[in-house]
Undergrad: 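I have a structure I would like to understand better, so I am pasting it below and will then ask my questions one at a time.
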Number of protein chains: 2
Amino acid sequence: MLKKGVERGEVLRALGEVFRAHGYESASLTLITEATGLGKGSLYHLFPGGKEQMAAEVLAEIDGWFELNIFAPLREADDPARAIAAMVAGVDQYFHSGDRVCLVGMVALGSARDAFAGAVDGYFARWQVALASLLRRSGLSKGQAQRRAEDALLTIQGALVLARARNDAGIFRRALSDLTKRLLAPPDRDLWTG
Amino acid sequence: MLKKGVERGEVLRALGEVFRAHGYESASLTLITEATGLGKGSLYHLFPGGKEQMAAEVLAEIDGWFELNIFAPLREADDPARAIAAMVAGVDQYFHSGDRVCLVGMVALGSARDAFAGAVDGYFARWQVALASLLRRSGLSKGQAQRRAEDALLTIQGALVLARARNDAGIFRRALSDLTKRLLAPPDRDLWTG
DNA sequence: GAGAGATTGTACCGATCGGTACAGAGAGTC
DNA sequence: GACTCTCTGTACCGATCGGTACAATCTCTC
């Protein structure tokens, strides 16, 4: 018997790795039973909604991790430099310095996108808002804070894609380093602000 | 009967759209016959190697398009500002301002990655080299040129992912605009250069 | 118009897909 | 130990997967 509660987290972690490794559509029930060590009986007992529920819960768990370790600290921080360094360190840790792929981004590109559109959009939206609020407190205009936060998210996603495409984790490391500098740079002197 | 040569390009174009819309693994033969208007008989006559050959040829055709319209102009250009503007315009056109996904990046994230690793890496590698060579001619150090070229590729990929995830093509447009500025900025005054 | 070769639709293949049914094993209570 | 209720392995479902076989058809050449 499953030891309630505690173990579900374990299962979700294993599920996450399967989805990351093969993508939502290609993660077959066979692959899933192997990765989790659970037969179909257990799987469908745990997730009556099937694969879709599994993926939804995995996404929710990822969201929870980021909420706790990235978004909330960003919202509550008062020292921008320290907060950004912490975010970058957290991201680097989570993505294993570029070896791990972003399941949320992956889902966004795949054909299962529509089924999880809300979760995907919410994840990025809350990240952007949290980061922008910190940037705003660091003295940036609202527009610039939003733009820089958007730039941060897209840089991380792009670095993950390119690092995987070229099989070079250094790309991710360098991108995070550059990103830190860009986020902490003084406000741009644009046409409408300078 | 197929009108030799000319038509194959048409078929590849349709194939590309199916792969882009569903991903390599989820693009079923049924989907493919619908999109191309070709039955299995024709398909396997045209591509004896099956799905894998289809994808390989689609990737090669994409590569060819970029070689002609992006990489070569980059290598041959003498005016950096103009060349970068042309690249950005070409990219914007190819990706339909963020509405179209990058098949190469998509394959890189999927489980078919290994089968096409060479093509994927080559595509990005030649892009980076071509862009870096232009940047070098514009006065950047070798290292900076390489880094900025890397940044450009990753920005484009990330913008495509985020634009799709958030269903906001504006993200792509803004990213390209920012990217242009970053590429044309004067050399960074880093520890070892300044 | 006969023959050759290229091209195509259709039936079919075994494998696997996600999902269901259900008998029975395991644990908790009395 | 008998009664629950939770949990799980296995057999099975129809559908679909990528791919093959092949006869029929088309286009061209002579």
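Labels below follow one simple rule: chain letters A, B, ... track the order of the sequence lines, proteins then strands, and each chain is numbered from 1.
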Undergrad: I want to check one thing: is the phosphate of D:dT16, taken as OP1 and OP2, less than 4.0 Å away from some side-chain N or O of B:S28?
TA: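 Answer no for this pair, as no side-chain N or O of B:S28 is under 4.0 Å from OP1 or OP2.
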Undergrad: Check A:D178 with B:R147, please: is the shortest side-chain N to carboxylate O separation under 4.0 Å?
TA: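 Looking at A:D178 together with B:R147, the answer is yes, because their closest N to O distance falls below 4.0 Å.
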Undergrad: Specify the residue among A:S26 and B:G37 whose closest nucleotide of DNA chain C lies further upstream toward the 5′ end.
TA: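 Nearer the 5' end of the strand: B:G37.
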Undergrad: If I take atom CG in residue A:L46 and atom P in nucleotide C:dG19, what distance separates them, rounded to the nearest angstrom?
TA: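 Value for this atom pair: 15 Å.
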Undergrad: Specify the residues of residues 50-59 of chain A, ordered by number, for which at least one heavy atom lies under 4.0 angstrom from an atom of DNA chain C.
TA: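 The stretch gives A:G50, A:K51 as the residues lying under 4.0 Å from the strand, ordered by number.
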Undergrad: Assess, by modelled atom type and distance only, whether the side chains of B:Q144 and B:R136 contain a donor and an acceptor separated by less than 3.5 Å.
TA: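 Judged by distance alone, the side chains do not pair up.
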Undergrad: Will you find, in the side chains of A:E150 and A:Q146, an N or O donor that is under 3.5 Å from an N or O acceptor?
TA: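 Result is no, nothing qualifies.
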Undergrad: Tell me whether the OP1 or OP2 atom of D:dC7 has a side-chain N or O from A:H45 closer than 4.0 Å.
TA: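 So the side chain of A:H45 is within the cut-off, an N or O lying under 4.0 Å from OP1 or OP2 of D:dC7.
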Undergrad: Check whether any side-chain nitrogen or oxygen of B:T30 sits under 4.0 Å from OP1 or OP2 of D:dT16, and answer yes or no.
TA: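 Negative; the distance criterion is not met.
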Undergrad: Quick one: does B:S133's side chain have a donor or acceptor within less than 3.5 Å of a partner on B:A130's backbone?
TA: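 Yes: the side chain of B:S133 pairs with the backbone of B:A130.
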Undergrad: How long is the straight-line distance from CG of B:N167 back to CZ of A:F124, given to the nearest 0.5 Å?
TA: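 Answer for the CZ-CG pair, A:F124 versus B:N167, is 13.0 Å.
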Undergrad: Assess B:R8 against B:F47: is NZ or CZ under 6.0 Å from the centre of the six-membered ring, and within 45 degrees of the ring's axis?
TA: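 Judged by the rule, B:R8 and B:F47 form a cation-pi pair.
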